[in-house]
**Q** 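The structure's right below; bear with me while I get my questions together.
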Amino acid sequence: MLLRLMRQNKANTAPWLAAFLVCLFGCLAAGAASEDLADDASLSAAICPVVYQLEQSPSSHGYRYSFFGNAFFINEQGYLLTVAHVLETFRDGGQPYILVSRPNSPPRLLQAAIIAVDSEHDVAVLLATPNPFAGNHKVAFLPLASDPAFRGQAVIALSLHPPKLQNAHTFQAPQEDRSSGEVLSYESTQLEKSAPSADVFLLSHPVARGQSGSPVLALDSRAVVGLVEGRWLRSSTISIAKSSSRSISTPGAAIPIRHAIALLQRQSISWHTPQSPPSSLPTR
């Protein structure tokens, strides 16, 4: 009799136990998915289009602007990294701006002062004015990788662009591009006329217009390993494309993050690493 009751209790308990485990794993999966969505949102919040303001007064659609590329925040002081060639249009005295997101409001134009430029390696440092981290803006910063990108490493490039390139206005939320792939190889090239050769690494995905200056992140650590330079148009890529698992017509090229870190060091500007908690001071 006792054995029969134990078997009945076990039989009655099994469905409840199974339902509890399903619910538990479902909650854990939902929590992980929420964390992934939060991570994705913070990644996007660190990226800003680099633009030129075309009007002194806004219309019903906001300020009209020209779009040139992307930059991304590296610390809570409002410093950003981009590639130097995005700023070529502003060499004659034009003022670059960045388009910064705000919660429950249209994006806002902020001036971006050019702090330092390394034309040889095609990297530049900007400073947003006023500091968006001190106001009501939807911003974040990205950590910089301590280790260089390696061949076969899984990476993702993130960038923003206006919905209408020919008629862009600030009240229109930028659209996001995500290009995932892997590091193909390191190559040597001349990034500036009359400059010595510099190294870049090639990506297994093509680069679209406006992606210059965008961060290239390691997929596992979400740390920046490089900046999108542009398309790699040299003929030596044919053998690289054949050796890759995917067919690549024109791979992308990226500037290794170490060149940007060297420029930050010369300017005594701090940045975060993947091991730095968000509440800690930036480390160099």
Side-chain angles (χ1 to χ4, degrees), residues 36-37 39-51 67-74 80-87 98-99 101 121-124 126 139-145 147-163 165 174-187 189 191 198-233 237 240-241 244-261 271-272 274:
D36 291 341
L37 291 175
D39 289 343
D40 289 346
S42 65
L43 294 178
S44 301
I47 304 169
C48 300
V50 178
V51 306
F67 169 67
F68 290 97
N70 281 260
F72 58 93
F73 289 108
I74 60 166
L80 307 100
L81 288 176
T82 187
V83 289
H85 74 260
V86 165
L87 307 174
I98 55 173
L99 197 61
S101 297
H121 299 105
D122 200 20
V123 290
L126 303 175
V139 289
F141 56 80
L142 297 176
L144 307 185
D147 299 321
F150 55 88
R151 185 173 182 178
Q153 184 177 21
V155 293
I156 182 170
L158 300 178
S159 61
L160 298 176
H161 66 86
L165 290 175
Q175 296 179 351
E176 181 185 289
D177 287 322
R178 293 187 174 222
S179 303
S180 58
E182 63 183 37
V183 176
L184 294 177
S185 68
Y186 275 83
E187 301 289 334
T189 188
L191 297 174
D199 59 330
V200 298
F201 62 86
L202 304 190
L203 306 168
S204 65
H205 60 267
V207 172
R209 179 184 177 186
Q211 287 186 317
S212 295
S214 303
V216 179
L217 300 101
L219 198 59
D220 53 357
S221 67
R222 303 294 180 97
V224 181
V225 295
L227 295 84
V228 173
E229 163 69 17
R231 295 181 178 180
W232 183 257
L233 301 176
T237 60
I240 299 174
S244 177
S245 59
R246 292 189 295 177
S247 176
I248 306 164
S249 57
T250 306
I255 308 296
I257 194 61
R258 63 183 178 86
H259 296 307
I261 290 177
W271 66 91
H272 285 265

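When a residue number appears, it is its place in the shown sequence, counting from 1.
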**Q** Any idea which heavy atoms bring Ser212 and His85 closest together, and the distance?
**A**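 Looking at all heavy atoms of both residues, the shortest contact is OG-NE2, 3.2 Å.
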**Q** Work out which heavy atom in Ala71 is nearest to a heavy atom in Leu126; give both atom names and the distance.
**A**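 Here Ala71 and Leu126 meet closest at CB-CD1, 4.3 Å.
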**Q** Which heavy-atom pair separates Val225 from Phe201 by the least distance, and what is that distance?
**A**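 In terms of heavy atoms, the two residues are closest at O-CE2, 3.6 Å.
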**Q** Would you say that Ile98 contacts Phe73 through its side chain, given a criterion of any heavy-atom pair below 4.5 Å between the two side chains?
**A**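 Yes - at least one pair of side-chain heavy atoms lies under 4.5 Å apart.
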**Q** Considering only heavy atoms from C-beta outward, does the side chain of Leu165 approach that of Arg209 to under 4.5 Å?
**A**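 Sidechains of Arg209 and Leu165: in contact.
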**Q** Using salt bridge (Lys or Arg N to Asp or Glu O under 4.0 Å) as the criterion, list what pairs up with Arg231, not counting sequence neighbours.
**A**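 Result, salt bridge (Lys or Arg N to Asp or Glu O under 4.0 Å) vs Arg231: none returned.
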**Q** Taking the side chain as everything from C-beta on, heavy atoms only, tell me whether Ser180 gets closer than 4.5 Å to Leu219.
**A**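 No, too far: nothing below the 4.5 Å cut-off.
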**Q** Side-chain polar contacts of residues 251-260 - donor-acceptor pairs under 3.5 angstrom, sequence neighbours left out - could you list them?
**A**
from   : atom 1 : to     : atom 2 : distance (Å)
Arg258 : NH2    : Asp199 : OD1    : 3.2
Arg258 : NH2    : Asp199 : OD2    : 2.7
His259 : NE2    : Asp199 : OD1    : 2.8

**Q** Pick from Cys48, Pro162, Pro174: which one makes a side chain to side chain contact (heavy atoms under 4.5 Å, CB included) with Leu99?
**A**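 The side chain to side chain contact (heavy atoms under 4.5 Å, CB included) with Leu99 is passed solely by Pro174 among Cys48, Pro162, Pro174.
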**Q** The criterion is side chain to side chain donor-acceptor pair (under 3.5 Å); which residues satisfy it with His161, sequence neighbours excluded?
**A**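 Expected list: Asp177.
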**Q** Roughly how far apart are Thr250 OG1 and Leu203 CG, rounded to 0.5 Å?
**A**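 So the gap between those two atoms works out to 13.0 Å.
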**Q** Taking Leu158's backbone N and O only, do any of them form a donor-acceptor pair with Arg178's side chain (distance below 3.5 Å, no angle check)?
**A**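 No: the side chain of Arg178 does not pair with the backbone of Leu158.
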**Q** Ignoring hydrogens and geometry, is there a side-chain-to-backbone donor-acceptor pair from Thr82 to Ala124 under 3.5 Å?
**A**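 Such a contact is absent between Thr82 side chain and Ala124 backbone.
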**Q** Determine the minimum heavy-atom distance between His205 and Ser179, stating which atoms define it.
**A**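 That would be CD2-CB, 3.3 Å.
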**Q** Whether the side chain of Tyr186 engages the backbone of Ala149 through a donor-acceptor N/O pair (distance < 3.5 Å, no angle test) should be reported.
**A**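 Yes: the side chain of Tyr186 pairs with the backbone of Ala149.
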**Q** Working to the nearest 0.5 angstrom, can you tell me the gap between Gln211 CD and Asn70 CG?
**A**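 The CD atom of Gln211 sits 8.0 Å away from the CG atom of Asn70.
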**Q** Which heavy atom of Ser214 sits nearest to which heavy atom of Ser159, and what is that distance?
**A**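 So the two residues come closest at OG-CB, 2.9 Å.
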**Q** Given 3.5 Å as the limit, does a donor-acceptor pair link the side chain of Asp122 with the main chain of Ala84, or not?
**A**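 Confirmed, Asp122 side chain pairs with Ala84 backbone.
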**Q** Got Val228 and Val83 here, is their nearest side-chain heavy-atom distance under 4.5 Å?
**A**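 SC-SC contact between Val228 and Val83 ruled out.
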**Q** For Glu187 and Ser185, does a side-chain donor sit closer than 3.5 Å to a side-chain acceptor?
**A**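 Yes.
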**Q** If you look at every heavy atom in Phe150 and Val183, which pair is closest and at what distance?
**A**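 Heavy atoms only, the tightest pair is O-CB, 3.3 Å.
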**Q** Out of Leu227, Val123, Ile261, Leu142, which residue meets the side chain to side chain contact (heavy atoms under 4.5 Å, CB included) rule with Leu81?
**A**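 Only one of Leu227, Val123, Ile261, Leu142 forms a side chain to side chain contact (heavy atoms under 4.5 Å, CB included) with Leu81, namely Leu227.
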